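Down below is the structure, laid out as structure tokens.
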Amino acid sequence: MMINNLTIKTKLLLSTIIIQAVTLFIFGFGLYKAVEITTIEGVKSNLRVIMLDIVDDILSHKKLLANIDLDEAEEVKFRPLFIRIIEPKSKKILVSTHFPKSLNTIDTNYKIIDIKKIVFSEEKGYIISRTKVEVKKGIKLVIEIATQKSIINVALDNLLYILALVLPFIFIISFFGTYALLKKSFKPIEIILNNLRNIQATNLSKRIQTNNTDDEINQLTTEINNLLNRLESSFEKIEQFSSDASHELKTPLTIIRGELEIALNKDRTLKEYKETIRSSLDEILTIQYTIDDLLFLAKIEQNDTQKEIVYLDEISLEIINELSHFAQISSIELNYSIKEALQSYGISNLLKIAISNILKNAISFSSKDSQVFLENYSDASFNYICIKDSGIGIEASEQKKIFESFYRTDKSRSKHSGGSGLGMAICQKITQLHKGTILIDSEVNKGSKICIKLPKAKLQQ
């Protein structure tokens, strides 16, 4: 449980120390065993050469055993070296050069030794090589050569001494090197953590500084900054929503409260009560429209509905049919020109809302007995849905402001028509979602022409 409370840097350091210690132990043990095996094989190789030389002296030169000079130790400079020749059946020692007495012949089975085959064994601290030769027909001898195993132990002890000095030194260097590397590697992360601790809801505009590399730390920093951008945008939307809602809902709520307080101030006639209720209901409807538009506006940018090919001519005709009665009530002549089927990638119901809002504004802000005209056309790259009226127009200084939430060019007429002041803001959000733009050409008291410009379907991905 305690290790779970450690930092990642400490965990990595401990893990690295353990891995390095195990690795160095395995390396040292492996090196020791390799040197041991190599040394023993070297000793055996020397004994084999000496054995072959003695056998050659006995067989090739036909020397009598009494005349054999077993001076191989001097010839090959190999010490200590002990040699003896034995009669295998009787186990009698025929010739010996100070062969250790502890290595008696009683416990050795010479019958299993093949002629001219050299075998090795380790007995009582000695390495022994044996072979059997036939000097004459029926006469066989066993040659034994021995050396002390301590000559190997000396070399191995020296190796252990070296490893005991070198491996801890390597471990210490590796430890501090790993610590420095981890400290340097985690430094950017610590900087990121310190920066994040200083970022609060009140200062989401702060960002973590990135470097020009393409490493994982820079990628992490970039993604954190992107997350902060999204959070800041979300906080701004929430703050804007709260501000807009409180601003726009305060007036109708005040009116409702005032109407009800006046109605309760003294007895009223049934007609007066009905008028108060009707006025309050109108303000409640205004509140409902405002809340609905605010919620819709907040959800537009998060809309993840799959886009598909939409036919702008069909959408336009549906809107004209739906608003034709509204135009008649407003004494507006509604005309259109739709000559071709225009296709774009998009979300049909959202585009319908955007076009409908613009057309409804054109009807609402036009004078009686005037004309509103809707036209669809295209060029090489874009489709256009244009709505032209001959109404009050929009001043040049206000043409950009109409996309702001709750901005009204004519507050009295907007309120009278039941508008929330969010219609054009919604239109712009929908158009931006479809990678399009809204074009405005307007002149005060002469009318306006507003076009939604959308990329053609074949250019969309």
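Just so it is clear, the structure is predicted and the values come from calculations on it, not from any experiment.
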When you look at Tyr377 and Cys386, which way does the side-chain contact (heavy atoms from CB on, under 4.5 Å) test go after all the steps?
CA-CA 8 Å; Tyr377 63 93; Cys386 294; 3.7 Å; yes
(Q) Determine whether Leu13 and Phe175 satisfy the following criterion, side-chain contact (heavy atoms from CB on, under 4.5 Å), listing intermediate values before the conclusion. (A) CA-CA 8 Å; Leu13 184 60; Phe175 170 80; 4.2 Å; yes
Stepwise side-chain contact (heavy atoms from CB on, under 4.5 Å) check, Ile394 with Phe365 | CA-CA 10 Å; Ile394 307 171; Phe365 289 97; over 6 Å; no
For the pair Lys352 and Ile319, evaluate side-chain contact (heavy atoms from CB on, under 4.5 Å) and give the outcome as yes or no after the intermediate values.
CA-CA 7 Å; Lys352 186 175 180 179; Ile319 294 170; 3.8 Å; yes
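Taking CD of Glu41 as the reference point, atom OG1 of Thr38 lies at 8.0 Å (rounded to 0.5 Å). Here Leu231 contributes atom CG and Asn226 contributes atom CG; the two are 11.0 Å apart, rounded to the nearest 0.5 Å. Taking CG from Leu52 and CG from Leu47, the interatomic distance works out to 11.0 Å, rounded to the nearest 0.5 Å. Between the OG1 atom of Thr221 and the CD1 atom of Ile192 there is a distance of 3.5 Å, given to the nearest 0.5 Å. Atom CD of residue Gln428 and atom CD1 of residue Ile430 lie 11.0 Å apart, to the nearest 0.5 angstrom. With rounding to the nearest 0.5 Å, the separation of OG1 in Thr147 from CG in Leu81 is 6.5 Å.
At least one donor-acceptor pair under 3.5 Å links the side chain of Thr131 to the backbone N or O of Lys117. Side-chain atoms of Lys368 do not come within 3.5 Å of backbone N or O of Ser331 as any donor-acceptor pair. In this structure a side-chain-to-backbone donor-acceptor pair under 3.5 Å is present from Lys456 to Asp379. Distance alone, capped at 3.5 Å, places no donor-acceptor pair between the Ser279 side chain and the Glu275 backbone. In this structure a side-chain-to-backbone donor-acceptor pair under 3.5 Å is present from Asn321 to Leu317. Between the side chain of Arg268 and the main chain of Ile262, a donor-acceptor pair closer than 3.5 Å is present. Using a distance-only test at 3.5 Å, with no hydrogens or angles considered, no donor-acceptor pair links the side chain of Asn383 to the main chain of Ser378. A donor-acceptor pair is defined here as one N or O able to donate and one able to accept, closer than 3.5 Å; no such pair exists between the side chain of Asp53 and the backbone of Val49. A side-chain donor-acceptor contact under 3.5 Å links Ser344 to the backbone of Pro455. Judged by distance alone, the side chain of Ser174 and the main-chain N or O of Ile170 form no donor-acceptor pair under 3.5 Å.
Using a 4.5 Å cut-off on side-chain heavy atoms (C-beta onward), Lys271 and Lys274 make no contact. Side-chain contact check for Ser280 versus Leu260: some heavy-atom pair is nearer than 4.5 Å. For the pair Ile40 and Phe120, the minimum side-chain heavy-atom distance is 4.5 Å or more. Side-chain contact check for Gln343 versus Tyr311: some heavy-atom pair is nearer than 4.5 Å. By the 4.5 Å heavy-atom criterion applied to side chains, Phe171 and Ile17 are counted as neighbours. Within the 4.5 Å cutoff, side-chain heavy atoms of Ile347 are placed close to those of His434. Between Arg130 and Ser121, some side-chain heavy-atom pair lies under the 4.5 Å cut-off. Side-chain contact between Lys429 and Leu433 is absent, with no heavy-atom pair separated by less than 4.5 Å.
Among all heavy-atom pairs drawn from Ala263 and Thr276, the shortest one is CB-CG2, 3.9 Å. Pairing each heavy atom of Leu163 with each of Leu31, the nearest pair is CD2-CD2, 3.8 Å. Across all their heavy atoms, Asp389 and Gly391 have their closest contact at OD1-N, 2.9 Å. The minimum heavy-atom distance linking Glu122 with Ile127 is given by the pair CG-CG1, 4.3 Å. Considering all non-hydrogen atoms of both residues, Ile118 and Met51 come closest at CD1-CG, 3.7 Å. Nearest heavy atoms, Gly393 versus Ser448: CA-OG, 3.5 Å.
Of the candidates Leu342, Leu359, Ile385, Ser316 forms a side chain to side chain contact (heavy atoms under 4.5 Å, CB included) with just one, namely Ile385. Screening Ile152, Asp157, Asn158, Leu156 for a side chain to side chain contact (heavy atoms under 4.5 Å, CB included) with Val154, the sole residue that qualifies is Asn158.
Gln20 and Thr178 share a donor-acceptor pair across their side chains, judged by distance under 3.5 Å alone. No donor-acceptor contact under 3.5 angstrom links the side chains of Tyr336 and Asn376, judged on distance only.
A cation-pi contact, defined as under 6.0 Å to the ring centre and within 45° of the axis, is absent between Lys307 and Tyr345.
No more than 12 heavy-atom neighbours from other residues, nucleotides or ligands sit within 6.0 angstrom of NZ on Lys360. Around the CG atom of Asp267, the shell of radius 6.0 Å holds no more than 12 heavy atoms that belong to other residues, nucleotides or ligands. Residue Phe326 qualifies as enclosed at atom CZ: its count of foreign heavy atoms under 6.0 Å is above 12. Sparse packing is recorded around NZ of Lys449, with 12 or fewer heavy atoms of other residues, nucleotides or ligands lying under 6.0 Å away. Heavy atoms of other residues, nucleotides or ligands lying less than 6.0 angstrom from OH of Tyr179 number 12 at most. Other residues, nucleotides and ligands place no more than 12 heavy atoms under 6.0 Å from the CZ atom of Phe29. For Arg257, the CZ atom sits in a loose shell: 12 or fewer heavy atoms of surrounding residues, nucleotides or ligands are nearer than 6.0 Å.
Taking a cutoff of 4.0 Å between a charged side-chain nitrogen and a carboxylate oxygen, Lys9 and Glu190 qualify as a salt bridge.
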